[in-house]
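Notes follow the structure.
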Amino acid sequence: MNGKQSSRPAPNDGSRWRNSGALPGTDHGWRTSRVSRSEPQIEKVDLSAVARETGTLLQPMNPDRSVDFVVEKGPTAAADANLLRVVMESLLGNAWKFTSGRGLAHFRFGVTEFAGESALLCP
């Protein structure tokens with residue numbers, strides 16, 4: 001693009017998100033490439049908080065939509081917080097799109113037992 005930015009404003013109606021697969025206000029491809037080029041910063045991450053933040057970004061896209069969004073407290077991980085946000089946005093964003101035709105969508109994020117081990121439960 002000749003190093004110039006477009007003077008045309010980005011649409012603010014959610015169509016950019018629907019077309020790109022990224023949440024509103026994010027440039028998913030840019031964030032993914034930026035995260036993958038940087039050294040991981042491993043820290044304790046509250047996965048419930050990341051899921052809640054992502055849900056908060058999704059709801060305004062369809063304010064009249066009926067969604068049962070349950071996030072259990074507790075799951076944490078030693079991981080790169082920025083990378084986990086990108087993953088959560090992709091995971092929940094895909095579930096949000098997949099359930100768009102349903103009258104009531106159910107999202108649950110938490111921990112369950114699987115084969116005697118703790119496992120994350122997500123849409």
Side-chain angles (χ1 to χ4, degrees):
M1 289 186 41
N2 304 350
K4 296 181 181 178
Q5 292 184 335
S6 171
S7 60
R8 190 177 74 207
N12 195 19
D13 60 359
S15 63
R16 181 175 174 213
W17 176 80
R18 285 189 299 274
N19 294 332
S20 71
L23 290 176
T26 67
D27 184 337
H28 205 65
W30 173 80
R31 286 186 60 185
T32 303
S33 67
R34 191 175 122 227
V35 167
S36 66
R37 285 193 313 246
S38 62
E39 191 68 29
Q41 301 297 315
I42 306 302
E43 59 186 298
K44 184 177 179 180
V45 180
D46 180 348
L47 299 175
S48 297
V50 175
R52 265 190 305 282
E53 291 167 9
T54 304
T56 300
L57 292 172
L58 290 167
Q59 190 61 49
M61 293 174 34
N62 304 101
D64 296 333
R65 186 169 174 202
S66 196
V67 176
D68 179 25
F69 198 88
V70 177
V71 178
E72 296 176 5
K73 290 184 180 181
T76 61
D80 184 287
N82 291 323
L83 181 57
L84 279 179
R85 282 185 183 86
V86 170
V87 169
M88 192 71 70
E89 288 173 4
S90 179
L91 180 67
L92 292 178
N94 285 339
W96 188 270
K97 288 188 287 187
F98 180 76
T99 61
S100 65
R102 299 187 183 173
L104 173 63
H106 298 278
F107 289 74
R108 180 172 168 225
F109 182 84
V111 177
T112 190
E113 292 294 317
F114 181 77
E117 299 283 331
S118 292
L120 284 177
L121 176 65
C122 199

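All residue numbers refer to positions in the sequence shown, counting from 1.
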Quiz item: Is it the case that more than 12 heavy atoms not belonging to Glu113 sit under 6.0 Å from its CD atom?
Solution: yes
Practice problem: Kindly compute the distance separating CG (Leu84) from CG (Asp46), expressed to the nearest 0.5 Å. | Solution: 11.0 Å
Self-check item: Gln41 backbone acceptor or donor facing Asp80 side chain under 3.5 Å
Solution: yes
Quiz item: Judged by atom type as modelled, is there a donor-acceptor pair below 3.5 Å linking the side chain of Ser100 to the main-chain atoms of Lys97?
Solution: yes
Practice problem: For the pair Trp96 and Asn62, evaluate side chain to side chain contact (heavy atoms under 4.5 Å, CB included) and give the outcome as yes or no after the intermediate values. | Solution: CA-CA 10 Å; Trp96 188 270; Asn62 304 101; 3.0 Å; yes
Quiz item: If you look at every heavy atom in Val71 and Ser48, which pair is closest and at what distance?
Solution: CG1-O, 3.5 Å
Quiz item: If every non-hydrogen atom of Leu47 is compared with every non-hydrogen atom of Ala77, which pair is closest and at what distance?
Solution: CD1-CB, 4.0 Å
Quiz prompt | Where Gly55 and Phe69 come nearest, the two heavy atoms and their spacing | solution = CA-CZ, 3.8 Å
Quiz prompt | Test item: Met88 and Glu53 side chains (from C-beta on) under 4.5 Å apart, heavy atoms | solution = no
Self-check item: Same apolar cluster: Val50 and Val70, side chain cutoff 4.5 Å
Solution: no
Quiz prompt | Side-chain donor/acceptor of Ser90 to backbone N/O of Val86, under 3.5 Å | solution = no
Quiz item: So which heavy atom on Ala105 is nearest to which on Thr99, and how close?
Solution: CB-OG1, 3.6 Å
Quiz item: Does Thr112 reach the main-chain N or O of Ala119 with its side chain, forming a donor-acceptor pair under 3.5 Å?
Solution: no
Quiz prompt | Residue pair Leu58 / Arg65, side-chain heavy-atom distance below 4.5 Å | solution = no
Exercise. Determine, stepwise, if the pair Thr54 / Phe109 fulfils side chain to side chain contact (heavy atoms under 4.5 Å, CB included).
Key: CA-CA 11 Å; Thr54 304; Phe109 182 84; over 6 Å; no
Quiz prompt | Closest approach of Ala51 to Leu92 (non-hydrogen atoms, all atoms of both residues) | solution = O-CD1, 3.9 Å
Quiz item: Counting N and O atoms only, with roles assigned by atom type, does the side chain of Gln59 sit under 3.5 Å from a partner on the main chain of Leu57, one being a donor and the other an acceptor?
Solution: no
